[in-house]
There are 2 protein chains.
Amino acid sequence: MTPPPPPVPDLTELPDAELLKLDHQVCFSLQAASRAFGGVYREALGDLGLTYPQYLAMMVLWEHGPLPVKTIGERLHLDSGTLSPLLKRLEAAGLVRRERSPEDERSVMVRLTDAGTELRERALPVPRSILRATGLSVQEILALQETLGRLTASLGRVV
Amino acid sequence: MTPPPPPVPDLTELPDAELLKLDHQVCFSLQAASRAFGGVYREALGDLGLTYPQYLAMMVLWEHGPLPVKTIGERLHLDSGTLSPLLKRLEAAGLVRRERSPEDERSVMVRLTDAGTELRERALPVPRSILRATGLSVQEILALQETLGRLTASLGRVV
DNA sequence: CATCATTTAGTTGTGCGCAATTAAATTGTG
DNA sequence: CACAATTTAATTGCGCACAACTAAATGATG
């Protein structure tokens with residue numbers, strides 16, 4: 001990928017103008033990729049009637065079974081301000097039910113309905129088509145995720 | 001869409017169930033990093049009274065001078081549905097003026113006010129602090145950008 | 001030149017993402 | 001036990017992203 005390690009500039013040596021460009025590019029690249037993913041997912045998930053964040057929430061439930069809102073939020077790094085309306089929409093679509101936990105009345109358990117469980121079958125082929133659309137090899141994807149993980153940790157906003 | 005020899009990633013060996021796990025979603029890593037950037041930018045730009053998308057728009061104007069809305073949108077891959085209210089907010093903040101072009105009355109020219117031009121000085125140290133916050137080396141950043149660029153191109157949603 | 005198509009912004013509506021606040025239940029402590 | 005602190009969701013408000021639509025100006029065509 002980058003076989004020859006040429007004179008590698010340190011951040012402290014670069015002029016502001018250069019940093020401005022670099023900064024612009026890296027954040028912009030990130031958002032552009034994120035937005036491109038959004039478009040592909042919108043197409044892939046349109047038939048299922050899910051948005052991408054809704055799909056993420058469904059995946060957590062498919063994988064782990066009934067969970068309180070808090071746990072879903074931890075898995076997705078989302079707070080109740082985002083999740084509450086999202087889960088309400090999933091409930092309105094008949095995919096989940098929300099009911100307060102008997103043992104702890106603060107907590108709201110979210111569980112799949114039959115329709116929500118069955119939707120998993122139709123969602124199974126989605127990841128493969130998405131990954132194929134990236135044009136990246138498995139190794140590249142893993143390397144990318146590793147870098148992004150470190151980046152996110154450094155930026156320190158795990159929420 | 002991709003007539004040239006498709007460099008098919010080696011995904012065929014992994015079972016669907018494995019792919020469907022949250023941990024294997026590149027997109028999730030990407031969005032997490034993107035949101036983490038948002039948080040850091042929010043802190044860095046708070047003093048300037050700018051959001052990150054507003055900062056991007058200001059950067060385009062700082063770099064290129066007065067531009068029609070359409071051109072700003074092309075630079076940032078944003079449409080009028082996003083830009084119109086954003087530019088209105090910048091105008092309300094006294095940073096830009098918007099006036100219809102005399103030679104083409106359809107087009108709206110956006111130009112910096114004095115306050116908008118002067119804001120650039122206060123924005124200059126932002127990129128360095130952002131890049132430092134990433135914890136990545138310059139070569140890692142360049143490699144990341146390269147991968148993200150290919151990714152975005154493959155996903156094919158440049159706008 | 002009259003009409004239709006295209007271009008350019010704006011508007012509306014939906015759905016995040018997040019900060020700040022509120023309300024209720026639970027826990028901890030004197 | 002009483003009361004303060006904490007936990008858990010929900011709500012409100014703001015801004016962005018995008019689709020779908022509208023309105024106005026311009027360009028193209030017969």
Side-chain angles (χ1 to χ4, degrees), chain A residues 27-28 30-43 45-46 49-57 67-74 76-93 98-110 152 155 157-159, chain B residues 27-28 30-43 45-46 49-57 67-74 76-93 98-110 157-159:
Chain A
C27 287
F28 197 76
L30 210 54
Q31 290 215 337
S34 197
R35 205 133 25 80
F37 258 114
V40 173
Y41 267 110
R42 195 171 303 120
E43 189 174 350
L45 295 174
L50 293 176
T51 65
Y52 175 63
Q54 289 166 8
Y55 167 71
L56 287 180
L67 290 175
V69 174
K70 176 182 173 52
T71 307
I72 300 176
E74 285 168 354
L76 303 181
H77 304 315
L78 294 173
D79 68 1
S80 65
T82 301
L83 277 180
S84 288
L86 185 153
L87 293 172
K88 270 188 177 177
R89 283 186 283 271
L90 289 181
E91 187 174 45
R98 299 178 308 141
E99 40 202 26
R100 296 212 97 93
S101 167
E103 58 268 11
D104 188 340
E105 292 272 342
R106 293 171 301 183
S107 158
V108 168
M109 287 298 287
V110 183
T152 304
L155 294 176
R157 302 271 311 179
V158 191
V159 178
Chain B
C27 191
F28 184 76
L30 210 54
Q31 290 213 339
S34 196
R35 272 189 284 128
F37 256 117
V40 173
Y41 267 110
R42 195 171 303 119
E43 190 174 348
L45 296 174
L50 292 177
T51 66
Y52 175 61
Q54 289 166 7
Y55 168 70
L56 287 180
L67 290 174
V69 173
K70 175 181 172 52
T71 307
I72 300 176
E74 286 169 353
L76 304 180
H77 302 315
L78 294 174
D79 67 0
S80 66
T82 301
L83 277 181
S84 287
L86 186 153
L87 293 171
K88 269 190 177 178
R89 284 186 282 271
L90 289 181
E91 188 174 43
R98 299 179 308 140
E99 40 201 26
R100 296 213 98 92
S101 168
E103 57 265 14
D104 188 341
E105 292 272 341
R106 291 171 301 183
S107 158
V108 167
M109 287 297 287
V110 183
R157 298 264 311 177
V158 189
V159 175

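Per chain, numbering begins at 1; letters A, B, ... match sequence-line order. This is a predicted model, so every value here is computed, not measured.
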Quickly work out the [X] [atom1] to [N] [atom2] distance and round it to whole Å.
X       : N      : atom1 : atom2 : result
A/Leu90 : C/dG15 : CG    : P     : 11 Å
B/Arg42 : C/dC18 : CZ    : P     : 7 Å
B/Leu83 : C/dG10 : CG    : C1'   : 12 Å
B/Arg98 : C/dT8  : CZ    : P     : 17 Å
A/Phe37 : C/dC16 : CZ    : P     : 18 Å
B/Leu50 : D/dC16 : CG    : P     : 10 Å
A/Lys70 : C/dA25 : NZ    : P     : 19 Å
B/Leu67 : C/dT8  : CG    : P     : 14 Å

Give one of base, sugar-phosphate or nothing for A/Pro68, where a contact means two heavy atoms less than 4.0 Å apart.
sugar-phosphate

Distance test, side-chain N/O of [X] to OP1/OP2 of [N], below 4.0 Å:
X       : N      : value
A/Lys88 : D/dA10 : no
A/Ser84 : D/dT11 : no
A/Arg35 : D/dC16 : no
B/Gln31 : C/dG17 : yes

Side chains of [X] and [Y], heavy atoms from C-beta outward: is any pair under 4.5 Å?
X       : Y       : value
B/Leu90 : B/Leu50 : yes
B/Leu30 : A/Leu30 : yes
B/Leu76 : A/Phe28 : yes
B/Gln31 : A/Tyr52 : yes

Give every pair of a protein N or O atom and an N or O atom of nucleotides 22-29 of chain D that lie under 3.5 Å apart, one pair per line with the distance.
unit_1 : atom_1 : unit_2   : atom_2 : d
D/dT26 : OP1    : B/Glu105 : N      : 3.3

Taking side chain to side chain contact (heavy atoms under 4.5 Å, CB included) as the definition, give me every residue that meets it alongside A/Glu103, ordered by chain and number, with sequence neighbours left out.
A/Ser101

Without swapping roles, check the side chain of A/Arg100 against the backbone of A/Arg106 for a donor-acceptor pair under 3.5 Å.
yes

Give a yes or no answer on whether the side chain of A/Arg35 reaches the backbone of B/His77 with a donor-acceptor pair at less than 3.5 Å.
yes

With DNA chain C as reference, determine whether B/Gly81 or A/Thr82 sits nearer its 5' end, using the nearest nucleotide of each.
B/Gly81

Nearest-nucleotide 5' precedence on DNA chain D, B/Leu86 against B/Ser80
B/Leu86

For the side chain of A/Arg89, counting heavy atoms from C-beta on, which of C/dC18, D/dA17, C/dG15 is nearest?
C/dG15

Counting side-chain heavy atoms from C-beta on, which of D/dT8, C/dA19, D/dT11 comes nearest to A/Asp79?
C/dA19

